[in-house]
Q: 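Following this message is one structure expressed as structure tokens.
Naming convention: chains lettered A, B, ... in sequence-line order (proteins, then strands); numbering from 1 in each chain. Values below: every heavy atom of this structure, side chains too, minus hydrogens, waters and symmetry copies.
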Protein chains: 2
Amino acid sequence: MSGQKISSVWLREPRQSGRTPGRSREEIVRATLELLDAEGLDGLSMRKLGAKLSAGATSVYWYVENKDELLELAYDEIWGKITIPVPEEAGWRETASTFAHSMRAVILAHPWVAALLGRLPALGPNALAMADLLRRAFRLAGFKGLDIDYANTTLTAYVFGMVIPEIVWRQTMGGEELDPESMRQTFEHVARDFPDLLARLTEVNDLPAQAIREISFDFGLVSVLDGLAARLRPAGS
Amino acid sequence: MSGQKISSVWLREPRQSGRTPGRSREEIVRATLELLDAEGLDGLSMRKLGAKLSAGATSVYWYVENKDELLELAYDEIWGKITIPVPEEAGWRETASTFAHSMRAVILAHPWVAALLGRLPALGPNALAMADLLRRAFRLAGFKGLDIDYANTTLTAYVFGMVIPEIVWRQTMGGEELDPESMRQTFEHVARDFPDLLARLTEVNDLPAQAIREISFDFGLVSVLDGLAARLRPAGS
DNA sequence: ACCTGAACACCGTTCAAGT
DNA sequence: ACCTGAACACCGTTCAAGT
């Protein structure tokens, strides 16, 4: 009746009959990641990817339904790069904390992911494996039933939400090649109607931006984990 | 020496000499929002926007340097739709909580924003006004110095990170017009190697998805606020 | 089974030219 | 000051045709 299937690469078996005929999915994903890392999300086109694989411009369409599916593959690869300890050995809190820091580091190393988070679902095997592991950690902590998911979702949301603006910041502020003086003027200009923000600016201006971001990330992470831990204590204690 | 300026609409004065000659920035923004709401991010093109303004395909370029600047304008409009009480009256915790719920509601009503969060900086007047207000709330709570920003960042990151996957979910799962049976099969397929995730699936399957998302959002929000509140208590008490 | 090439229908952006 | 139109250099995707 209602029809309309979900569309995702993960619903189709990878193309490759038996031997080693054409390209493999891994080859394609590797080339895609290289392009993305080198030229960013806008730098990836099906034609360029074809060229990189020394193939025709549209050859990738044999392996993948469309460009979004290609990006789904690349996205899941990122999930695979996140390191996380064995929950039963490290304990839930260290597991969660290590996951958070590792995910941040991985995304910062592959900034193009930031724009994908708001566009693609994470249904790949690496993403699911991570969800599975994190659920183990939160179950170990003492969460029960749906609370396991809620805790997991909360933690992951925090990391996403923290890293995304950090990437955007780095990208529009252009990293090194930006004149710090013009940067200060920029903020003074846009924030000219908000004295409190301006005051904060001059307060921060001399501190190393990178260090502040790390402290900020830790501050929030500890808060989130503390808040989750509070859920585990019976109300009256 | 190092050159390279930051590029943002908010650094340039809006075009319009004195009278009411051509289009105004507001007209353009309104048309942009309408297009985005109606057709989504991919549905917005400079040509379509020109047509909607009954103007040539490239007329908007007189008001805006490029498409990203146009999106910056639309993005800030969203920040303006978020409602928030006066911190001094409502208290910090209710202010923060109302902000979180309102921001979620606004983004869900304009799903195209989700993809912008990972692409554009929030330097517009509405975004800054909100930052200013939230800072007031956290100062009121008792945070001092940089902790005010850290707390603010933590809260906002949580909301971002929570809403983004929710949007993606809704969009790829296609809302109403999706066959629920094929949906279940989808998950069973992708999660086939993760028994724990599968078990969770059947557990959740009969519950109304929308209600769960709201409970989940509240669970995390309370946790985050509790965690922040814990920061305010002196260590020994 | 795998790949190519041409072709279609779009893009964002530049720029000389118009009023 | 404001807007147009043509033009450029790209896109993603389809599809008939090749091997």
Side-chain angles (χ1 to χ4, degrees), chain A residues 7-9 12-29 31-32 35-36 38-75 112 115-116 119-120 171-172, chain B residues 7-9 12-29 31-32 35-36 38-75 112 115-116 119-120 171-172:
Chain A
S7 146
S8 169
V9 225
R12 218 164 333 95
E13 294 307 313
R15 279 269 162 84
Q16 48 193 350
S17 33
R19 323 260 109 220
T20 15
R23 278 91 187 161
S24 69
R25 190 175 262 193
E26 294 89 59
E27 260 185 281
I28 292 174
V29 173
T32 305
L35 251 176
L36 286 169
E39 308 193 29
L41 196 56
D42 290 338
L44 174 72
S45 79
M46 300 303 265
R47 290 166 218 260
K48 279 194 203 161
L49 182 59
K52 195 177 182 83
L53 293 163
S54 11
T58 58
S59 55
V60 194
Y61 280 96
W62 174 254
Y63 297 92
V64 121
E65 199 75 19
N66 52 43
K67 196 186 179 184
D68 270 358
E69 289 201 358
L70 185 67
L71 291 172
E72 268 190 288
L73 292 173
Y75 182 19
W112 46 268
L116 294 185
R119 258 174 56 187
L120 302 174
Q171 253 154 9
T172 79
Chain B
S7 145
S8 168
V9 225
R12 218 163 330 98
E13 294 309 313
R15 278 272 163 84
Q16 51 194 347
S17 32
R19 324 263 106 217
T20 15
R23 278 93 188 161
S24 68
R25 191 175 261 195
E26 293 89 59
E27 262 185 281
I28 292 174
V29 173
T32 305
L35 252 176
L36 286 169
E39 308 194 29
L41 196 56
D42 291 339
L44 173 73
S45 79
M46 300 304 265
R47 290 164 218 260
K48 279 193 201 163
L49 181 59
K52 194 176 183 89
L53 293 163
S54 9
T58 58
S59 54
V60 193
Y61 280 96
W62 207 75
Y63 296 92
V64 121
E65 199 75 21
N66 53 43
K67 195 185 180 185
D68 270 357
E69 289 201 358
L70 184 68
L71 290 172
E72 265 190 291
L73 292 173
Y75 182 21
W112 46 268
L116 294 186
R119 257 175 56 187
L120 302 174
Q171 255 155 8
T172 79

Q: Backbone N or O of B:Leu36 within a donor-acceptor pair of the B:Glu39 side chain at under 3.5 Å?
A: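 Judged by distance alone, no pair lies under 3.5 Å.
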
Q: Side-chain N or O of A:Tyr63 less than 4.0 angstrom from OP1 or OP2 on C:dC3?
A: yes

Q: Mind checking what makes side-chain hydrogen bond (donor to acceptor under 3.5 Å, both in side chains) contact with B:Glu65, not counting sequence neighbours?
A: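 None.
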
Q: If I compare all heavy atoms of A:Gly56 with all of A:Ser59, which pair ends up nearest, and what's the gap?
A: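 Nearest pair, atom of A:Gly56 first, then A:Ser59: O-OG, 3.0 Å.
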
Q: Just wondering, do A:Arg119 and B:Leu41 contact through their side chains at under 4.5 Å, heavy atoms?
A: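 SC-SC contact between B:Leu41 and A:Arg119 ruled out.
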
Q: B:Leu44 versus B:Thr32: any side-chain heavy-atom pair under 4.5 Å?
A: yes

Q: Report yes if a side-chain nitrogen or oxygen of A:Trp62 is closer than 4.0 Å to either non-bridging phosphate oxygen (OP1 or OP2) of C:dC3; otherwise report no.
A: no

Q: Are the side chain of A:Asn66 and the backbone N or O of A:Glu69 linked by a donor-acceptor pair below 3.5 Å?
A: yes

Q: What pairs of nitrogen or oxygen atoms, one from the protein and one from nucleotides 7-13 of chain D, lie under 3.5 Å apart?
A:
unit_1 : atom_1 : unit_2  : atom_2 : d
D:dG12 : OP1    : A:Lys67 : NZ     : 2.6
D:dG12 : OP2    : A:Met46 : N      : 3.1
D:dG12 : N7     : A:Arg47 : NH2    : 2.4
D:dG12 : O6     : A:Arg47 : NH2    : 2.6
D:dT13 : OP2    : A:Tyr61 : OH     : 2.9
D:dT13 : OP2    : A:Lys67 : N      : 2.8
D:dT13 : O5'    : A:Tyr61 : OH     : 3.4

Q: For a quick test of reading the model, state the closest non-hydrogen atom pair linking A:Lys48 to A:Gly43 and the distance between them.
A: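 Distance-wise, the nearest heavy atoms are NZ-O, 3.1 Å.
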
Q: When you measure from the side chain of B:Arg15 to the backbone of B:Trp62, do you find a donor-acceptor pair of N or O atoms at a distance under 3.5 Å?
A: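 Pair found, side chain donor or acceptor close to backbone of B:Trp62.
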
Q: Using Watson-Crick or G-U wobble pairs with both distances under 3.5 Å, give me DNA chain D in dot-bracket, 5' to 3', with [ ] for crossers and | for pairs to another strand.
A: ||.|||||...|||||.||

